Trainee: 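One structure coming up, written as structure tokens, with questions to follow.
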Amino acid sequence: MLGFQYANATRLFFGREAEKGLVERLADDLGHEGDVLVVYGGGSVVRSGLLPRVTAALRAAGLAVHEEGGVVPNPQIGLVRTWIQKYAEKKPRAILAVGGGSVIDSAKAAAVGFEADCDVWDFFAGKAIVQSALPVYTILTLPAAGSEQSIRAVLSNDEGIKTGIGVEAIRPKASAVNPELFFTLPVWQIGAGVTDMISHIMERYFTNTEHCEYVDAQAEAAMRTAVDFGPKVVANPSDWDAWCQIAMVGTYAHNGYFGLGREEDWACHGIEHELSGWNGEVTHGAGLAVIIPSWMAFVAKSRPARVEDFALRVMRVEKGATQAETVARGIEALKAFYRTLGMPVTLTELKVPDAPIEKLAKGAVRKGLLGKYVPLDEAAVKTILENAR
């Protein structure tokens with residue numbers, strides 16, 4: 001196990017009407033004065049009444065509220081630039097994201113951009129280093145990305161490059177997770193969200209670092225919980241008790257806890273970011289459901305032990321006569337699980353059979369070998385994508 005430092009400064013408000021506590025905390029932090037930029041995606045938070053309730057509470061607490069919507073899945077840096085330019089002369093004191101990961105990541109990017117003396121994309125392109133950011137608060141409406149507690153944000157530019165930043169300055173100050181806000185989510189988004197949150201644990205679980213038994217056990221328990229309760233929220237989106245379990249998995253999956261003391265991988269995310277960067281209609285979680293089983297089959301050829309652990313301890317398959325048989329059973333069980341969530345497991349099912357595999361493979365390794373568990377070169381990524389057709 002490797003040495004580490006860890007601190008999670010996000011105050012979590014969890015449960016029914018959690019957003020009320022979040023608003024009170026934000027107002028207290030700002031001393032009940034100043035401007036707050038509230039960002040969101042489409043009209044669902046308006047139609048549900050959530051956004052009007054939140055903004056009314058902020059104004060009642062003495063804050064000046066500015067509202068900006070329009071964030072889309074696979075969010076674009078262009079919208080963030082628009083916000084920064086619009087409020088350059090009267091910079092907000094804080095940003096409140098009301099939405100899912102795309103909205104929260106856009107808020108984080110804006111928080112960095114407002115404090116910068118360069119273009120905000122420079123941080124994502126590796127041309128600049130984040131020194132500071134405005135405080136970010138979140139009200140989660142779609143559990144998936146875990147951005148409500150994480151230090152990361154992922155956006156795309158107009159050239160189809162999708163990449164991220166990871167820095168403590170953008171970890172939200174406080175976040176509200178109220179599972180009642182998830183009851184009206186479309187089944188497709190629920191399935192993609194559950195897939196995404198499990199993947200965040202997988203990217204840390206598949207490691208070459210030895211003697212991580214404690215964190216391994218925690219990760220396995222969290223993934224089993226998602227496997228058990230994911231199909232329940234898909235079958236009944238109003239199941240409060242099941243949503244509480246899924247919401248807990250999602251919000252802790254990406255806050256750094258499951259990566260303690262270990263080297264992390266992130267190859268599957270790297271490949272999927274190329275895919276959804278190329279085609280913005282590809283839902284991130286659905287793309288991962290296609291990539292992950294193919295990646296597992298590829299890495300199991302040279303490093304099967306951890307894939308076998310996953311098969312036995314998470315997917316709980318019966319041990320085969322050989323390690324290879326156990327691994328194969330685990331991968332098939334994972335595919336079957338994804339299908340219970342309504343997810344595709346091939347590029348054809350994802351409706352992108354024409355994906356430019358050579359271009360995607362080249363883009364995935366633009367910064368060098370991809371991943372740590374089994375470092376992937378361009379040829380390896382190409383094979384994974386071809387096997388996912």
Side-chain angles (χ1 to χ4, degrees), residues 5-13 22-23 25-31 33-41 54 58 63-71 75-140 145-157 161-177 200 251 254-256 259:
Q5 294 185 30
Y6 180 71
N8 178 6
T10 302
R11 178 174 294 274
L12 185 64
F13 293 82
L22 183 284
V23 169
R25 177 71 185 203
L26 192 163
D28 287 345
D29 286 350
L30 297 189
E33 62 180 12
D35 293 50
V36 177
L37 177 60
V38 179
V39 299
Y40 61 99
V54 168
L58 289 170
L63 301 171
V65 178
H66 308 278
E67 301 173 36
E68 295 289 341
V71 178
Q76 303 293 307
I77 200 69
L79 182 60
V80 174
R81 287 190 181 114
T82 299
W83 297 342
I84 294 170
Q85 293 169 0
K86 184 174 180 179
Y87 298 100
E89 293 187 6
K90 192 172 185 181
K91 185 173 66 175
R93 293 185 60 200
I95 303 178
L96 171 61
V98 183
S102 295
V103 175
I104 298 171
D105 284 6
S106 298
K108 290 176 175 179
V112 169
F114 276 119
E115 296 283 82
D117 57 3
C118 62
D119 180 65
V120 65
W121 184 255
D122 286 352
F123 298 106
F124 290 82
K127 297 178 181 179
I129 299 174
V130 176
Q131 300 294 337
S132 62
L134 294 180
V136 174
Y137 298 78
T138 84
I139 296 174
L140 188 67
S147 195
E148 66 274 10
Q149 280 200 78
S150 83
I151 64 170
R152 302 188 183 277
V154 176
L155 280 88
S156 299
N157 68 3
I161 296 176
K162 184 175 182 179
T163 189
I165 56 175
V167 61
E168 194 65 39
I170 62 174
R171 194 191 293 272
K173 300 300 181 185
S175 291
V177 179
H200 290 152
T251 195
H254 204 29
N255 71 1

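This one's a predicted model, so the numbers in the text were calculated from it and none came from an experiment.
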Trainee: Using a 4.5 Å cut-off on heavy atoms from C-beta on, say whether the side chain of H66 contacts that of K86.
Mentor: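 SC-SC contact between K86 and H66 ruled out.
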Trainee: Compare every heavy atom of W83 with every heavy atom of A110, then report the nearest pair and how far apart it is.
Mentor: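 Smallest interatomic distance, heavy atoms only, reads CB-CE3, 3.9 Å.
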Trainee: Could you go through K91 and L134, starting from their C-alpha distance and side-chain angles, then the distance that decides it, and tell me whether this counts as side chain to side chain contact (heavy atoms under 4.5 Å, CB included)?
Mentor: CA-CA 10 Å; K91 185 173 66 175; L134 294 180; 4.2 Å; yes
Trainee: Side chains of V98 and V103: does their closest heavy-atom pair fall under 4.5 Å?
Mentor: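 No; the side chains remain at least 4.5 Å from each other.
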Trainee: How long is the span from the NE2 atom in H200 to the OG atom in S150, to the nearest 0.5 Å?
Mentor: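 The OG atom of S150 is 8.0 Å from NE2 of H200, to the nearest 0.5 Å.
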Trainee: Distance from Q76 atom CD to L155 atom CG, nearest 0.5 Å?
Mentor: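 So the CD of Q76 and the CG of L155 are separated by 8.0 Å.
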Trainee: More than 12 foreign heavy atoms under 6.0 Å from CZ of R11: is that the case here?
Mentor: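 No.
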Trainee: Is the closest side-chain heavy-atom distance between L96 and I139 below 4.5 Å?
Mentor: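 Sidechains of I139 and L96: in contact.
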Trainee: Do S147 and K108 come close enough that some side-chain heavy atom pair is under 4.5 Å?
Mentor: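 Answer yes - side chains close enough.
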Trainee: For the residue pair Q149 and T251, confirm or rule out a side-chain donor-acceptor distance under 3.5 Å.
Mentor: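 The answer is yes; a qualifying pair exists.
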Trainee: Taking all non-hydrogen atoms of both residues, which atom of A174 and which atom of F13 are closest, and how far apart?
Mentor: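 Shortest heavy-atom contact: CB-CE1, 4.1 Å.
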Trainee: Measure the spacing between CD1 of I165 and CH2 of W121 and express it to the nearest 0.5 Å.
Mentor: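 Here the interatomic distance stands at 10.0 Å.
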Trainee: Can you name the closest pair of heavy atoms from S102 and P75 and give their distance?
Mentor: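 Here S102 and P75 meet closest at OG-CD, 3.4 Å.
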Trainee: Roughly how far, to the nearest 0.5 Å, is the CD1 atom of I104 from the CZ atom of R152?
Mentor: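 Reported to 0.5 Å precision, the distance equals 15.5 Å.
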Trainee: With sequence neighbours excluded, tell me which residues meet side chain to side chain contact (heavy atoms under 4.5 Å, CB included) with E168.
Mentor: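 In terms of side chain to side chain contact (heavy atoms under 4.5 Å, CB included), with neighbours along the sequence ignored, E168 is linked to I151, R171.
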Trainee: Between L22 and A176, what is the shortest heavy-atom contact and its length?
Mentor: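 Closest heavy-atom pair between L22 and A176: CB-CB, 3.7 Å.
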Trainee: Which atom names give the shortest non-hydrogen contact between A153 and F124, and what distance separates them?
Mentor: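 Scanning both residues, the minimum pair turns out to be O-CE2, 3.5 Å.
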Trainee: Drop me the distance from S156's OG to D105's CG, to the nearest 0.5 angstrom.
Mentor: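 One gets 10.5 Å once the value is rounded to the nearest 0.5 Å.
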Trainee: Determine, step by step, whether Y137 and V36 satisfy the side chain to side chain contact (heavy atoms under 4.5 Å, CB included) criterion, reporting the C-alpha distance in whole Å, the side-chain angles of both residues, the deciding distance to 0.1 Å, and the verdict.
Mentor: CA-CA 10 Å; Y137 298 78; V36 177; over 6 Å; no
Trainee: Rounded to the nearest 0.5 Å, what separation is found between the CG atom of L37 and the CD1 atom of I95?
Mentor: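 Interatomic distance, L37 CG to I95 CD1, rounded to 0.5 Å: 5.5 Å.
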Trainee: Has R25 got a side-chain atom pairing as donor or acceptor with K173's backbone, closer than 3.5 angstrom?
Mentor: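 Checking the backbone N and O of K173 against the side chain of R25, no donor-acceptor pair under 3.5 Å is found.
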Trainee: Could you walk me through whether V39 and L79 pass side chain to side chain contact (heavy atoms under 4.5 Å, CB included), step by step?
Mentor: CA-CA 11 Å; V39 299; L79 182 60; over 6 Å; no
Trainee: Evaluate whether atom CG of D28 has more than 12 neighbouring non-hydrogen atoms of other residues, nucleotides or ligands under 6.0 angstrom away.
Mentor: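 More than 12 heavy atoms, drawn from other residues, nucleotides or ligands, come within 6.0 Å of this atom.
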Trainee: Looking only at heavy atoms, what is the nearest atom pair of Y6 and G256, with distance?
Mentor: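 Distance-wise, the nearest heavy atoms are CE1-C, 4.0 Å.
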Trainee: Does a side chain donor of either E148 or T138 reach within less than 3.5 Å of an acceptor in the other side chain?
Mentor: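 No - no donor-acceptor pair under 3.5 Å links their side chains.
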